[in-house]
Amino acid sequence: MHDADGMAVASFVMGLAGLLVFNLVLGPCALVLSGLALMRGTTRRARAVLGMTLGAADLAVLATVAAADQSFSWSITG
């Protein structure tokens with residue numbers, strides 16, 4: 001169960017970081033890790049669900065940016 005808790009925390013961190021950088025890589029990783037953590041019965045269920053939500057948000061941001069300017073990256077400076 002300790003591994004599942006670590007996966008839940010890692011999915012949250014990856015999902016959060018993915019909103020800013022490498023959302024193409026970190027978003028799917030957050031989704032997979034959170035799914036595995038939930039399947040293995042993590043005690044940090046809320047963190048795993050939040051990681052899954054943030055991973056999906058990473059992919060939504062990527063899709064929005066790709067549709068808006070036909071690229072797969074974005075910058076704060078424009």
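What you see below is based on every heavy atom in this structure, not just the backbone, and it leaves out hydrogens, waters and symmetry mates.
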What heavy-atom pair brings Thr42 and Ala48 nearest, and what distance separates the two atoms?
CG2-CB, 4.2 Å
Leu33 meets the side chain to side chain contact (heavy atoms under 4.5 Å, CB included) criterion, sequence neighbours left out, with Met7, Ala10, Ser11, Met14
Looking at side-chain heavy atoms only, is the closest gap between Val65 and Asn23 below 4.5 Å?
no
Side chain proximity check, Leu38 to Met52, heavy atoms < 4.5 angstrom:
yes
Check whether Asp5 reaches the backbone of Thr43 with its side chain - one donor and one acceptor, N or O, closer than 3.5 Å.
yes
Leu31 side, atom CG; Asp58 side, atom CG - distance, nearest 0.5 Å:
8.0 Å
Provide the closest heavy-atom pair for Ala30 versus Gly51 in the form atom of the first, atom of the second, distance.
CB-O, 3.8 Å
Which atom names give the shortest non-hydrogen contact between Pro28 and Leu59, and what distance separates them?
CD-CD2, 3.8 Å
Give a yes or no answer on whether the side chain of Thr53 reaches the backbone of Val49 with a donor-acceptor pair at less than 3.5 Å.
yes
Quick one: closest heavy-atom pair of Arg40 and Ala4, and the distance?
CB-CB, 3.8 Å
